[in-house]
Protein chains: 2
Amino acid sequence: MEKKDEMVPGRAMEDYLADIFRLQKESQDPHTAVATQEVAQRRKVSAASTTAMFKRLAREGLVAYREYQGVTLTPRGEQMALQVLRRHRIVERFLTDILGISWEEVDEMAHQMEHALPDPVVDAMERYLGDPRTCPHGFPIPDRQGYVDPLPRQTLAQVEPGQQAVISHVDERVEGLLARLAQMDLHPGTILKVLGRDPLDDLLVVEARGSRMTHLIGPRMAAGIFVRPLD
Amino acid sequence: MEKKDEMVPGRAMEDYLADIFRLQKESQDPHTAVATQEVAQRRKVSAASTTAMFKRLAREGLVAYREYQGVTLTPRGEQMALQVLRRHRIVERFLTDILGISWEEVDEMAHQMEHALPDPVVDAMERYLGDPRTCPHGFPIPDRQGYVDPLPRQTLAQVEPGQQAVISHVDERVEGLLARLAQMDLHPGTILKVLGRDPLDDLLVVEARGSRMTHLIGPRMAAGIFVRPLD
DNA sequence: TTTTAGTTTTAGTCGCGTCTAAAAGGGGGT
DNA sequence: ACCCCCTTTTAGACGCGACTAAAACTAAAA
């Protein structure tokens, strides 16, 4: 039969690249290598499988792999990871804004879909949406060249009483966080004022500008809400 | 690690099921088994691979397989095939009607996408479209229960001069047919009147009701255009 | 420096989906 | 009835992506 040479780096490879990228960005020093176990845990896969994949990725020139030291994305690997993130976030936007699916569900669905969508489809979705700049959770959408806005690292937990901040993005992996925020009508873009902090349980009292509602937010939740300070 | 038991019949299995279904419908007697080679040719895969897949499908109870005699879909297999067709055709409609992609391109794209779309997404697309009854090429969309309207088997080639017929559906696999029809602004639903037949090259002279344009259609094209007679 | 706890890699296996080459089966013509 | 051609199946292989169990390595504490 005809051999399909098309160097299409398997659906799984793309998942690994995107997760390596995310882990790199999340780590305090984004220049150190990403460890086998970090990736294994994130992907819910054994460490052995991860090692095997590191070798495949290295063979394809997508990561630099040093035994026992983890991996770093090469420029090509990073570019590919960014394209995966781009697809993922556009699809998420499409699912929420056009198809009316809740923001708790779209991460998993987009993950399922993202490797199967032809580029023209993703581009058409993007145009249909009016070139959105972020996904529903507030993460920036890389452009076709792979440029992506930097993310703030400050969380709501670090905001001092009396200060104001605007929600930048929300960690979708924190169990129940998205549902709670939806209940409180808090979203990326919402401006918050920290009224006070209960030192006993480390609860934050915040007021949402606009709705003028006040809410109590625990430390786990606050650590998943990333903000930009407001002068 | 956790074992993911979820009996998800592999993306490829679904492709085979759908193609077996289509071949069954296209054959003169839809009750005879579908041969190994038919499937192999349709899927552009070796006969050996097809035999291997027949065994897997039989093991899963999706086809009845008799050695050297080909396969027949079981009720479960047929149901699954219908759901694949449903997804495929809804996605095609979505790509043309919402995202503005041309009907020549959507078959391949939908094929690429169809196995990765979660059911809620397909259902949301269907609602967004207003519950369309056919794909852009005129094939009926099975409902959630798997019911699908029967297709006419008469082609334009069989229409006698003087008679009128409405285009039901178009064989998307006929090379160049979709592009030609788009040029002529002929679509499923268009009413045609066969004005005459040139016996030398077996060309049909047809007039499109509405545009009142007349066109010449060769035998290859005519055999890919399925029609319903008009009284 | 040696021990030890935790991480990483190797070794071997499995299922899917594909291939090629060779063997086996089936059906029509003489 | 036999042969030949065409179809189908078997046999053996491969790459991907996963697993477990065991061996190798690292780093940090004693």
Side-chain angles (χ1 to χ4, degrees), chain A residues 1-20 23 27 32-72 80 84 111-112 114-116, chain B residues 1-20 23 27 32-72 80 84 111-112 114-116:
Chain A
M1 234 68 224
E2 306 150 48
K3 49 199 67 171
K4 305 195 175 174
D5 213 327
E6 335 158 17
M7 149 63 180
V8 172
R11 296 78 189 91
M13 280 199 195
E14 291 191 343
D15 281 340
Y16 278 88
L17 288 175
D19 279 330
I20 291 166
L23 286 166
S27 74
T32 47
V34 175
T36 307
Q37 192 157 234
E38 288 180 87
V39 176
Q41 279 167 4
R42 178 67 66 97
R43 302 240 57 241
K44 292 184 181 163
V45 137
S46 72
S49 305
T50 303
T51 298
M53 183 55 83
F54 280 3
K55 290 183 173 177
R56 256 172 255 147
L57 292 171
R59 176 161 54 72
E60 302 291 347
L62 299 169
V63 300
Y65 171 46
R66 287 178 49 219
E67 290 198 347
Y68 295 98
Q69 306 300 313
V71 288
T72 317
M80 204 168 285
V84 176
H111 180 235
Q112 209 174 126
E114 66 196 1
H115 305 297
Chain B
M1 236 66 224
E2 306 151 48
K3 51 199 66 172
K4 305 194 174 172
D5 213 328
E6 336 158 15
M7 148 60 181
V8 171
R11 296 80 190 90
M13 280 198 195
E14 291 192 342
D15 282 339
Y16 278 88
L17 288 174
D19 279 330
I20 292 166
L23 286 166
S27 75
T32 47
V34 176
T36 306
Q37 195 161 62
E38 288 181 85
V39 176
Q41 279 166 4
R42 179 65 66 100
R43 304 241 53 245
K44 293 186 182 162
V45 138
S46 72
S49 305
T50 303
T51 298
M53 183 55 83
F54 280 1
K55 289 182 173 178
R56 254 172 257 147
L57 292 171
R59 177 161 54 72
E60 302 291 347
L62 299 169
V63 300
Y65 171 47
R66 288 176 49 217
E67 291 198 347
Y68 297 98
Q69 307 299 311
V71 288
T72 317
M80 203 167 287
V84 177
H111 180 235
Q112 207 174 128
E114 67 197 0
H115 305 297

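Chain identifiers are assigned alphabetically (A, B, ...) following the order of the sequence lines, protein sequences preceding nucleic acid strands; residue numbering begins at 1 within each chain. Owing to the predicted nature of the structure, the values given are computational and were not obtained by experimental measurement. The figures that follow rest on heavy atoms only: side chains count, while hydrogens, waters and symmetry mates do not.
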Spacing between [X] atom [atom1] and [N] atom [atom2], to the nearest angstrom:
{"X": "R66(B)", "N": "dT8(D)", "atom1": "CZ", "atom2": "P", "answer": "14 Å"}
{"X": "Q69(A)", "N": "dA27(D)", "atom1": "CD", "atom2": "P", "answer": "6 Å"}
{"X": "E38(B)", "N": "dT8(D)", "atom1": "CD", "atom2": "P", "answer": "8 Å"}
{"X": "F54(A)", "N": "dT9(C)", "atom1": "CZ", "atom2": "C1'", "answer": "12 Å"}
{"X": "E67(B)", "N": "dG26(C)", "atom1": "CD", "atom2": "P", "answer": "9 Å"}
{"X": "M53(B)", "N": "dT18(C)", "atom1": "CE", "atom2": "C1'", "answer": "9 Å"}
{"X": "L57(B)", "N": "dT9(D)", "atom1": "CG", "atom2": "P", "answer": "13 Å"}
{"X": "Y68(A)", "N": "dA5(C)", "atom1": "OH", "atom2": "C1'", "answer": "16 Å"}

Touch check for Y65(B), heavy atoms < 4.0 angstrom, all strands: base, sugar-phosphate only, or nothing? sugar-phosphate
Would you classify A35(B) as touching base, sugar-phosphate or nothing, given that sugar-phosphate means primed atoms plus P, OP1 and OP2, and contacts are heavy atoms under 4.0 Å?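 Touches sugar-phosphate only.
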Grab the two heavy atoms, one from S27(A) and one from T32(A), that are nearest each other, plus how far apart they are.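 Taking every non-hydrogen atom into account, OG-OG1, 4.5 Å.
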Non-hydrogen atoms of M53(B) and A12(B) that approach each other most closely: CE-CB, 4.0 Å
Under a 3.5 Å limit for both distances, which nucleotide forms a Watson-Crick or G-U wobble pair with dA30(D), could you say?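 Pairing partner: dT1(C).
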When you get a sec, tell me which of dT7(D), dC19(D), dC25(D) is the closest nucleotide to the side chain of Q37(B)?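 The closest nucleotide is dT7(D).
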Within this structure, what is the CD-CG distance for the pair E60(B) and L17(B), rounded to the nearest 0.5 Å?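 If I round to the nearest 0.5 Å, the distance is 10.0 Å.
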For the atom pair CD (E67(A)) and OG1 (T36(A)), what is the distance rounded to the nearest 0.5 Å? 10.0 Å
Can you tell me if the side-chain N/O atoms of [X] get under 4.0 Å from OP1 or OP2 in [N]?
{"X": "T51(A)", "N": "dT9(C)", "result": "yes"}
{"X": "R56(A)", "N": "dG17(D)", "result": "yes"}
{"X": "Y16(B)", "N": "dC16(C)", "result": "no"}
{"X": "R59(B)", "N": "dC16(C)", "result": "yes"}
{"X": "T36(B)", "N": "dT9(D)", "result": "yes"}
{"X": "K55(B)", "N": "dT9(D)", "result": "no"}

Less than 4.5 Å apart, any side-chain heavy atom of V34(A) and any of T72(A)?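 The answer is no; the side chains never approach within 4.5 Å.
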